[in-house]
Structure formats: structure tokens, C-alpha cells
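To start, the structure under review is shown below, and the notes come after it.
The basis for the numbers below is simple: all heavy atoms, side chains too, and nothing from hydrogens, waters or symmetry mates.
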Amino acid sequence: MHQLKRNLKLKTMLAGCALFALSAAPLQALAAFGLTTNTGDYTIDTGAGLVFKVLRTATSQAGVGDISSLVYNGVELQGQTKGSHIASGFSGLYTGVTAVSVSAAQPDTDTIKITVTTGNLTHYYMARRNVSHIYMGTNITAEPSVGEFRWITRMKSNILTGVPAESNLNGTTTTVESTDVFGFANGETRSKYYGNQRTLDYTLRGITGSGVGVYMVYDNREGASGGPFFRDIQNQSSSTTSGDTELYNYMNSGHNQTEAYRMGFHGPYALLFTGGGTPAIPDMSWVANMGLTGYVAASGRGGVTVAGMTGLDSSYPYTVGFSNSTAQYWGAANASSGQMTKTGMKPGTYTMTVYKNELAVDSRSVTVSAGSTTSVSSFAVTGDPAAKTALWRIGKWDGSPKEFLNGDKVNAMHPSDTRMAYWTPADYIVGTSSDATGFPAYQWKGVNGAINVRFNLTAAQVVSSSTYQLRVGITAAYANARPQVTVNGWTSAVPTASTQPDSRSMTIGTYRGNNAMFTFTVPVANLVVGQNILTLAPASGSSGTTYLSPGYAYDAVDLIKTP
């Protein structure tokens with residue numbers, strides 16, 4: 001009996017010790033939320049396993065205002081050759097400005113705010129009690145002198161190995177183009193430009209490792225530029241032994257830029273740290289109470305409601321975009337009714353553009369006032385080129401070359417990549433050939449400079465009193481390239497070049513420039529009953545070789561007859 005009591009007592013003690021161990025372990029793993037001020041840096045402990053440092057004094061690796069340490073659950077994730085920061089560092093963002101100031105405050109018991117100021121920029125880091133996130137916001141009143149505006153997180157690539165393959169440079173052996181596109185011995189290519197999402201699809205992007213994940217949550221992009229279909233750098237990874245893996249938030253750049261940069265507040269955006277799983281998008285509405293320069297509260301915003309639209313093609317998604325010099329927004333239209341509502345817009349007059357997939361098919365003006373919603377009555381969309389019946393059509397009028405040969409790969413690799421199909425297929429036969437295998441998404445003067453299309457016309461279709469127009473649509477162009485056409489024995493004049501970004505386009509993972517249509521009136525005398533041959537060729541006064549020769553991305557090609 002005494003032995004039984006002793007055993008029961010021992011079991012109770014052991015159970016108590018186990019219970020204490022289980023309850024104490026989390027307390028030991030989690031430090032207290034707080035801010036520590038040192039001579040060299042501010043140390044912020046989120047109380048949720050994440051401790052990060054913001055430099056007050058420059059080191060040999062990082063500058064004032066940079067994040068110099070990112071420790072999550074006891075593991076240092078921050079790369080040790082450079083800090084994480086705006087552009088390439090806060091010092092020198094603006095020509096002639098080297099001074100950077102950093103200050104810390106605790107606006108309330110649950111929030112820490114670090115403010116970095118230099119020149120025309122104010123940047124904020126914010127932490128919340130027991131949340132493993134770093135919230136950020138950036139206000140600019142002038143474009144950084146480096147010509148681009150980005151946040152870059154630099155982390156250890158030997159820990160964060162779960163990265164997008166398209167932008168992972170580890171193991172590449174050759175330089176394919178400039179200093180930013182690289183290749184493997186097998187001919188596959190990688191670049192920081194590849195595998196990037198359309199801005200429309202931005203939510204969060206992450207990289208992972210064993211027991212860890214770091215995710216970028218993007219802002220609503222109102223202060224960025226380029227519109228809903230713009231693509232820019234999101235990731236880059238290098239050597240797993242000595243390099244960094246990088247996670248970006250590009251707010252603007254000269255990478256195939258289609259419109260002027262916007263100033264003002266950008267954010268809030270955030271870095272989220274997890275045990276490896278994909279996190280939920282956090283509520284960041286509390287940022288409105290942080291006194292951030294340039295931030296516009298909900299009370300100072302308005303919205304737009306479109307009652308509906310007619311003339312839509314049910315085969316495509318429709319996006320309604322709004323843009324002016326200070327802000328941009330967009331939202332999806334109802335697939336059947338065309339109705340849409342957009343809230344949270346800064347006051348002002350906007351160009352409202354309706355996109356069929358990525359092709360603008362309607363444009364009008366709308367004014368937004370703070371505290372109210374502007375109503376737009378139902379209207380008909382009348383600018384869709386596909387609404388006109390064609391004798392024949394190659395591709396789809398949708399602002400994208402995705403349906404063409406290699407169109408499914410152009411965002412993820414260089415055009416020279418061995419995974420690409422041959423860019424010069426056999427002559428395209430209307431009615432027989434497939435868009436996906438018979439007509440290239442891109443055409444360059446120095447690669448596939450002549451594309452032949454064979455099409456048949458009947459006697460009823462060749463009418464002397466009719467007008468025949470050949471329409472060629474492009475989504476982007478490089479080096480002022482534009483199509484010149486030959487139909488049988490007739491050659492068109494060289495048209496005026498479209499307005500396009502002054503940068504590389506099709507080699508850096510995007511076909512998104514400015515959609516343009518070239519219309520050629522083909523003399524009926526040069527059309528024949530039976531087989532006709534159309535030749536498409538890029539014309540340009542600029543030079544270049546292979547994939548950097550003048551070229552363009554196709555949207556669609558068709559022949560229409562009136563009446």
C-alpha cells in the first residue's frame with residue numbers, strides 16, 4: 001500500500017514536471033516585445049520570435065537606416081554582405097545627399113515605429129506586439145536619383161532555398177544578355193526578371209527554407225506605375241554558399257516603363273515571417289493611426305461604381321482601371337453584367353479604362369470626391385477590334401501574345417532558351433495552322449525577320465468595290481520596330497512607330513508595353529481568288545542583333561472587308 005502511494009506520488013510529480021516543461025517552453029522561446037536603443041542600432045523584438053535591427057551607425061556592410069539583422073526563432077536570416085533597404089541604400093538615394101537620420105518611437109503600448117529620412121524620402125518600419133511581421137511604408141516627393149524605387153530584402157540563400165526557379169541564378173555558368181540574364185550549360189536561362197507576376201495578381205510572394213518562410217505582402221499599388229498588367233522584379237537568388245536570396249517590392253523602375261512615376265506614399269507593405277507555411281494577408285488598417293507622412297486615411301477617399309457594361313465578350317475577363325498623375329487603381333468587372341465598384345481612391349479626375357483581358361477597349365473620364373461614391377451609368381463598350389467580322393484572323397484581340405508559339409514561356413525565360421520552340425516555323429496556313437505552334441509570339445528583324453501567311457479568298461470575297469484592311473496588333477516593341485507588310489506583289493509604306501518604353505522588353509520577361517494597332521489598306525487589285533501570300537517584316541531605323549534587334553510582340557493579325 002505504501003509502495004502504491006509512493007508510485008502515485010512519483011507519477012504525480014513527474015506529470016507536474018512535464019506539465020511545467022510544456023508550459024515553460026513557449027515562455028522561454030518568446031522574448032518580451034520591446035525596443036532597445038544602442039549606439040549602433042535599434043533592436044526591435046516583436047515578441048513573436050522575430051528580432052530585427054535597424055542601423056543608426058553605418059558598418060562596412062550596411063548603411064544607416066538599413067536592416068542589418070533578421071533573426072527568426074534564433075536563426076539569422078539577413079545576408080551579411082549588404083543590408084536590406086530602399087534601392088541600394090538610403091545614403092546616396094539623392095545626388096549630393098548623404099545624411100540619413102533614424103529615430104524611434106512607441107506610438108502606443110503595442111506598436112514600435114522606426115522613421116528613416118533622407119533627402120525627399122521618408123521610410124517607416126513598424127512592429128506590433130506578438131506579431132512576426134515588419135510593416136513598412138515609404139513616402140517620396142522626388143524620384144530617387146538612381147532612377148528606380150524599390151525595397152529589397154537580402155537574406156541568406158543557404159537557409160532560404162525554396163525560391164522561384166526562374167530567378168534562381170545558382171549554378172549558372174554564362175552571361176546571356178547584359179549583366180542580368182544568365183544561362184546554364186544546357187542552354188536554360190535565369191534572371192531576376194523572370195517568373196514575375198502581373199501587378200494585378202500581386203498579393204504576397206514568399207521564399208522558404210527548413211522551418212522558415214519569408215513573405216512580401218504588397219500594397220494596393222496606388223503609388224506605383226505601369227497599370228494592372230505591368231511586371232517587374234520580385235525575386236533573385238544566387239550562390240547557396242556565399243550569396244543572397246532577394247525579395248523585392250518594386251514600386252517603379254525603368255524596366256519597360258509605360259508611364260511617368262508617381263510620387264507620394266507607397267504602402268503599407270510588409271515582410272511576414274512564418275515557420276514555412278503561407279500566411280494570411282494581415283489587416284494593416286491600424287497604420288492609419290501611425291501619423292505617416294503622405295498617408296491618406298479612408299475618410300479622405302472616395303470610390304466609383306459602374307452600373308454595368310454591354311458589348312462584352314463572355315470568353316474574357318474584364319478589368320476596369322483608373323489612372324492619373326498621382327494614383328492608379330483597378331478592379332474586376334462582373335463577367336455577365338459588367339458591374340464593378342472600386343473604393344479607397346484618392347480624390348481627383350481619372351482616366352477610366354476598360355480592358356478585355358489586357359487590351360484597352362474603352363476609355364472615359366471620371367471624377368472621385370472624398371467621402372462619396374461616383375456613379376457611372378451603364379454604357380456600351382465599342383472599341384473591341386474583334387467586334388468586326390474578319391475574313392480571317394490569327395490570334396485573339398486581347399492584349400496578349402500568350403496564345404502564340406512560345407507565348408506560354410516568354411515571362412519565364414530568355415527567347416534564346418533551349419526550352420523555346422524554333423522562332424521561325426513554316427508558313428502559317430489560315431484555316432489549317434495552329435496559333436500555338438504556327439505563329440510566333442515575338443518577331444525580331446534579326447531572328448525571324450519574315451513571317452509568311454498563306455490565305456485563300458473566294459470570288460465572292462474579292463470584290464472591286466470593297467475596301468480591304470489588314471490589321472496588325474502588337475503589345476510591345478523594341479527599337480522603334482513596326483510591321484511592314486507585303487501582300488502578293490504589293491508592299492506597304494513603313495508606318496510611323498508606336499509609342500513604346502525606351503528599354504528592353506521581350507528579353508526581360510514581359511510583353512507589356514503599349515498596345516498598338518497598325519492598319520494597312522490593301523489594294524483589291526493585289527488580291528487574287530485562291531491563294532494569297534502575306535509577308536510580315538519588322539521595319540526600323542535602329543540597329544541591333546538577334547534578340548536585341550528591332551522587334552515586337554503580337555496581339556492579333558486579321559483581314560477585314562468593308563462593306
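- Here Thr343 pairs with Thr341 under the side chain to side chain contact (heavy atoms under 4.5 Å, CB included) rule; sequence neighbours left out.
- Between Tyr250 and Phe149, the gap from one ring centroid to the other reaches at least 6.0 Å.
- Residue-environment remark: NZ (Lys409) exceeds the threshold of 12 foreign heavy atoms within 6.0 Å.
- For Trp330 and Phe322, the gap between ring centers reaches or exceeds 6.0 Å.
- Proximity of a side-chain donor or acceptor of Arg262 to a complementary backbone N or O of Ala224 within less than 3.5 Å is detected.
- Annotation: the span from Leu77 atom CG to Ser84 atom OG amounts to 10.0 Å, rounded to 0.5 Å.
- Under the ring pair (Phe, Tyr, Trp, His ring centres under 6.0 Å) criterion, Tyr468 pairs with no residue at all, not counting sequence neighbours.
- Considering only residues two or more places apart in sequence or on other chains, Asp180 meets the side-chain hydrogen bond (donor to acceptor under 3.5 Å, both in side chains) condition with Tyr193, Arg504.
- A salt bridge does not link Arg154 to Asp244: none of the charged side-chain nitrogens sits closer than 4.0 Å to a carboxylate oxygen.
- Stacking of Lys356 on the aromatic ring of Tyr316 is recorded, both the 6.0 Å distance cut-off and the 45° axial limit being met.
- Atom CE of Met413 sits about 8.5 Å away from atom CG of Asn406, to the nearest 0.5 Å.
- Side-chain N or O atoms of Glu188 include none that pairs as donor or acceptor with a backbone N or O of Arg419 at under 3.5 Å.
- No donor-acceptor distance shorter than 3.5 angstrom exists from the side chain of Asn526 to the backbone of Val522, with no hydrogens or angles considered.
- Close placement of the Tyr552 and Tyr554 rings is indicated, their centers lying within 6.0 Å of each other.
- Here Ala412 pairs with Glu166 under the side chain to side chain contact (heavy atoms under 4.5 Å, CB included) rule; sequence neighbours left out.
- A distance of 13.5 Å separates OH in Tyr218 from CH2 in Trp151, rounded to the nearest 0.5 Å.
- Side-chain N or O atoms of Ser549 include one that pairs as donor or acceptor with a backbone N or O of Thr546 at under 3.5 Å.
- Under the 3.5 Å distance criterion, the side-chain polar atoms of Glu358 are left unmatched by any main-chain donor or acceptor of Asp398.
- With hydrogens and angles ignored, the 3.5 Å screen pairs no side-chain donor or acceptor of Asn168 with any backbone N or O of Val163.
- Thr175 places no side-chain N or O within 3.5 Å of a backbone atom of Glu177 that could act as its donor or acceptor partner.
- Residues passing the ring pair (Phe, Tyr, Trp, His ring centres under 6.0 Å) test with Trp490, sequence neighbours excluded: none.
- Atom CG of Asn452 sits in a crowded spot, with more than 12 heavy atoms from other residues, nucleotides or ligands closer than 6.0 Å.
- With sequence neighbours left out, the side chain to side chain contact (heavy atoms under 4.5 Å, CB included) criterion links Thr467 to Gln469, Thr521, Thr562.
- A distance-only check finds a donor-acceptor pair linking the side chain of Thr189 to the backbone of His414 [under 3.5 Å].
- Under a 3.5 Å cut-off, the side chain of Arg221 and the backbone N or O of His266 do not form any donor-acceptor pair.
- Under the 3.5 Å distance criterion, the side-chain polar atoms of Ser540 are matched with a main-chain donor or acceptor of Ala479.
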